[in-house]
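All values below were derived from every heavy atom in this structure, side-chain atoms included, with hydrogens, water molecules and symmetry-related copies excluded.
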Amino acid sequence: MNHILFDDSRGFTLVELIVGLFVAMLLIGAATTAFILQNRASSVQQGTSDMQLSAQVAIELLERDIRMAGFGIDRNTTVPVANAYTSAGGVYAPVLAANTDGLFVNYNTGTAAPYFYYIEPPGTAGREGGLTRLDTATDAVETIASNVEDLQVTINLDPATGLPAVTVSLLIRSPFNDPSFNQDHPGITVAEHPGIGASVNPAADNFRRRVYVTTVRPRNIGL
């Protein structure tokens, strides 16, 4: 039987192994960097989406209640909409975040429903804080949007109708910070909300922030 020997067969040299490992490390590093960047972009997009959703829920609820203000109550004895409380008074005294407003809205659809909207600092009574609604009839407290940092309210007469127009501004931040984001938000400024004075600027903490403004004309009152 004839045996054929491959005398020239050999494996990889040390240099070839080092070069191969180096190339593999470059590829793995590039893939890891791309994954991290993609994951960060996805997180930022999700955070922005959550911020917009929170704003939409908060604004819609405020608009609904403000629009109903004065319905079913005695206009001569009750002021259904008021502005900028430091304490709502009565048997309750909610803790407002510094430099924020409170908004009292009163209407009646068979059961009295006077609501007080305000910004509650995180950790108050074990709650997460943010835009909070207090039912003054039952003392029930509900967190509407946890990432709302500022509420500003002004009430002006609509020159066309002579009725009050309630302007509400909310400063909302993303649910988590982004180390790559280094732009500061000026807060709710006089230009965005005439008549209030500038709010305290938010901290430079890498959170993304937006201001949402809505103006609502109550259907049932004339202050």
Side-chain angles (χ1 to χ4, degrees), residues 2-63 96-100 117-133 142-152 168-193 196 198-215:
N2 295 326
H3 295 278
I4 301 175
L5 299 178
F6 296 94
D7 295 332
D8 60 344
S9 62
R10 60 189 178 84
F12 294 105
T13 66
L14 180 60
V15 173
E16 289 173 333
L17 285 173
I18 293 175
V19 171
L21 287 173
F22 179 72
V23 172
M25 289 176 62
L26 288 178
L27 293 175
I28 292 173
T32 302
T33 301
F35 173 77
I36 292 174
L37 292 175
Q38 179 64 30
N39 188 57
R40 180 179 297 170
S42 177
S43 298
V44 169
Q45 183 176 8
Q46 181 62 45
T48 301
S49 177
D50 291 345
M51 181 170 58
Q52 292 174 338
L53 180 60
S54 294
Q56 181 179 359
V57 170
I59 290 293
E60 287 183 355
L61 189 56
L62 281 164
E63 287 179 341
L96 276 69
N99 304 298
T100 64
Y117 286 93
Y118 62 103
I119 303 299
E120 185 175 67
T124 303
R127 292 184 289 269
E128 55 189 334
L131 180 64
T132 305
R133 186 174 74 172
E142 178 183 9
T143 301
I144 305 301
S146 59
N147 294 321
V148 180
E149 296 180 311
D150 195 358
L151 165 68
Q152 297 294 335
V168 177
S169 292
L170 298 177
L171 176 66
I172 303 181
R173 68 166 175 80
S174 58
F176 52 85
N177 65 357
D178 178 7
S180 65
F181 183 77
N182 56 11
Q183 299 179 23
D184 298 336
H185 197 286
I188 302 176
T189 64
V190 176
E192 294 169 324
H193 212 293
I196 65 165
S199 300
V200 175
N201 292 344
D205 51 10
N206 303 112
F207 281 95
R208 296 173 184 268
R209 291 176 169 85
R210 289 187 180 178
V211 172
Y212 294 84
V213 183
T214 184
T215 298

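A distance of 10.0 Å separates CD1 of I172 from OG of S146, quoted to the nearest 0.5 Å. One distance of note links CD of E149 with CD1 of I188; it measures 10.0 Å at 0.5 Å rounding.
Closest non-hydrogen pair, R173 versus M51, comes out as C-SD, 3.6 Å. Minimum heavy-atom separation, H185 to R210: NE2-CA, 4.1 Å. Between T143 and G129, the shortest heavy-atom distance links the atoms CG2-O, 3.5 Å. Pairing each heavy atom of G187 with each of P202, the nearest pair is N-CD, 3.6 Å.
Looking at Q56 and Q52, their side chains never bring a donor and an acceptor atom within 3.5 Å of each other. Side-chain contact check for E63 and T214: at least one donor-acceptor pair (N or O, by modelled atom type) lies under 3.5 Å.
With hydrogens and angles disregarded, a donor-acceptor distance shorter than 3.5 Å links the side chain of S174 to the backbone of R208. Judged by distance alone, the side chain of T132 and the main-chain N or O of G130 form a donor-acceptor pair under 3.5 Å.
Test L151, L171, N99 against I119 for side chain to side chain contact (heavy atoms under 4.5 Å, CB included) and you get one pass: L151. The side chain to side chain contact (heavy atoms under 4.5 Å, CB included) test with L170 is passed by exactly one of V211, N147, D150, L62: L62.
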